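The next block holds one structure in the form of structure tokens; read it before the comments.
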Amino acid sequence: MTYRGKFSDEMRRLYDNVNSLGNECYDRLKGSTSILSSDNTDDARRLVADDLRINRLEEEINTQAINLITTQQPVATDLRLIISSIKVADDLERISDNISNLGEVRKRVRITNERLLLRMSTMERLALLMLADVKTAYDTSDVELCTEIITRDEDIDALFVQITTSDIFEETDAFLTGQSQLCAKYLERIGDHIKNIAEHVFYVLTGDKHESRKQMN
């Protein structure tokens, strides 16, 4: 195999691992808010335990990326992609942490407020769409979709504000109120991390930081 062929194979393996990590996080996020009202804590405990697999995959990606930088000395687009892979893996790992935190809350309390649960499940669905679309944006080199995903995080933020300024005050149990606020914050943070990923993809595709490009327009 030629030097360039070996490098291409290693870059493909790095992409595949980041993609696998994204798929794992997507699967973990899907249905995570329904666990909050579950009659038992079995699913919540599994959700927490599965985070270890995410941590191991992130470590593998970091090792791959560092090896590529130190042994192949990549430049230009390849270097941007490798560095962004490390950042994307970090954001995905933090998404997984926040998903685990939802499981930890369910281990402590059960949330039954239907309006609150509906808004949280809407936050989950919005985040799932963002996560799926950010992969599409990268695979199709769609810079406009990246920008759209970044702005969509505002919808999740708006639901977070609704939950923490109105819905939450329907609860009379102070501990339950605090735990519900935590869940809303975890979901809001998941949206923030997906926004970060979209910004990393934007950088890979354009060579510019999204904020810098926005200021120029």
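Just so you know, these numbers come straight off a predicted model, no measurement behind them.
Salt bridge status for Arg46 with Asp42: absent, with no side-chain N to carboxylate O gap under 4.0 Å. Arg152 and Asp155 are not joined by a salt bridge, as no carboxylate oxygen comes within less than 4.0 angstrom of a charged side-chain nitrogen. Salt bridge absent: Glu10 and Arg13 never bring a charged side-chain N and a carboxylate O closer than 4.0 Å. Between Arg189 and Asp192 there is a salt bridge, since a side-chain N of the basic residue sits under 4.0 Å from a carboxylate O of the acidic one. Checked for salt-bridge contact, Glu104 and Lys107 meet the test: a charged N lies under 4.0 Å from a carboxylate O.
Cluster annotation: Leu145 is not connected to Ile150 through the hydrophobic network of ILVMFWY side chains, with a link wherever side-chain heavy atoms come within less than 4.5 Å. One hydrophobic cluster holds both Leu102 and Phe175 under the rule that ILVMFWY side chains link at heavy-atom gaps under 4.5 Å. Val48 and Leu21 fall into different hydrophobic clusters, where Ile, Leu, Val, Met, Phe, Trp and Tyr side chains are chained together by heavy-atom contacts under 4.5 Å. By the criterion of side-chain heavy atoms lying less than 4.5 angstrom apart, applied directly or through intervening Ile, Leu, Val, Met, Phe, Trp or Tyr residues, Leu159 is not grouped with Leu129; the two fall into different hydrophobic clusters. Under the 4.5 Å side-chain contact rule for hydrophobic residues, Ile86 and Val134 do not share a cluster.
Looking only at side-chain heavy atoms (C-beta outward), Ile95 and Ile197 come within less than 4.5 Å of each other. For the pair Asn98 and Leu187, the minimum side-chain heavy-atom distance is 4.5 Å or more. Here the side chains of Glu199 and Lys195 are in contact, with some heavy-atom distance below 4.5 Å. A heavy-atom distance below 4.5 Å is found between the side chains of Ile82 and Leu14. Side-chain contact check for Ile163 versus Leu116: some heavy-atom pair is nearer than 4.5 Å. For the pair Leu68 and Met11, the minimum side-chain heavy-atom distance is below 4.5 Å. Using a 4.5 Å heavy-atom cutoff, the side chains of Cys183 and Met120 are in contact. At a threshold of 4.5 Å between non-hydrogen side-chain atoms, the residues Asp90 and Arg94 count as touching.
To the nearest 0.5 Å, atom CD1 of residue Ile83 and atom CD1 of residue Ile66 are 11.0 Å apart. Here Tyr138 contributes atom OH and Leu205 contributes atom CG; the two are 7.5 Å apart, rounded to the nearest 0.5 Å. Rounded to the nearest 0.5 angstrom, Glu58 CD and Thr63 OG1 are separated by 10.0 Å. Summarising the geometry, atom CD1 belonging to Ile190 is positioned 9.0 Å from atom CG belonging to Leu128; distances are rounded to the nearest 0.5 Å. Taking OG from Ser38 and CD1 from Ile111, the interatomic distance works out to 12.0 Å, rounded to the nearest 0.5 Å. Within the model, atoms CG of Asn55 and OG of Ser96 stand 6.5 Å from one another, a figure rounded to the nearest 0.5 Å.
For the residue pair Arg125/Thr122, the side-chain donor-acceptor check at 3.5 Å is satisfied. In summary, the side chains of Asp139 and Tyr15 do present a donor paired with an acceptor at a separation below 3.5 Å, with no hydrogens or angles considered. There is a side-chain donor-acceptor pair under 3.5 Å between Arg28 and Ser100.
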> Checking salt bridge (charged side-chain N to carboxylate O under 4.0 Å, His left out) for the pair Lys185/Glu188: CA distance, chi angles, key distance, verdict?
Replying inline: CA-CA 5 Å; Lys185 186 60 180 177; Glu188 188 268 339; 3.1 Å; yes
> When you look at Ile61 and Glu93, which way does the side-chain contact (heavy atoms from CB on, under 4.5 Å) test go after all the steps?
Replying inline: CA-CA 11 Å; Ile61 289 167; Glu93 191 274 333; over 6 Å; no
>> Would Met130 and Asp153 count as a side-chain contact (heavy atoms from CB on, under 4.5 Å) here? Give the steps.
In response: CA-CA 8 Å; Met130 288 171 66; Asp153 182 51; 4.1 Å; yes
>> Evaluate Leu57 against Arg53 for side-chain contact (heavy atoms from CB on, under 4.5 Å), listing each step before the verdict.
In response: CA-CA 6 Å; Leu57 190 48; Arg53 186 172 67 255; 5.9 Å; no
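Between the Arg80 side chain and the Tyr203 main chain, a donor and an acceptor come within less than 3.5 Å of each other. Checked by atom type and distance alone, the side chain of Asp51 never pairs as donor or acceptor with a backbone atom of Leu47 at under 3.5 Å. Side-chain atoms of Glu124 come within 3.5 Å of backbone atoms of Thr33 as a donor-acceptor pair (strictly under, hydrogens ignored). For Ser84 (side chain) and Leu81 (main-chain N/O), no donor-acceptor pair under 3.5 Å exists by modelled atom type. Here the side chain of Arg106 pairs no donor or acceptor atom with the backbone of Ser37 at under 3.5 angstrom.
In terms of heavy atoms, Leu92 sits closest to Val18 at CD1-O, 4.0 Å. Here the closest non-hydrogen pair linking Ile149 and Ala198 is CG2-CB, 3.8 Å. Cys25 and Ile99 make their closest contact through O-CD1, 3.7 Å (heavy atoms, listed as atom of the first residue, atom of the second, distance). Among all heavy-atom pairs drawn from Phe202 and Val143, the shortest one is CE1-CG1, 3.3 Å.
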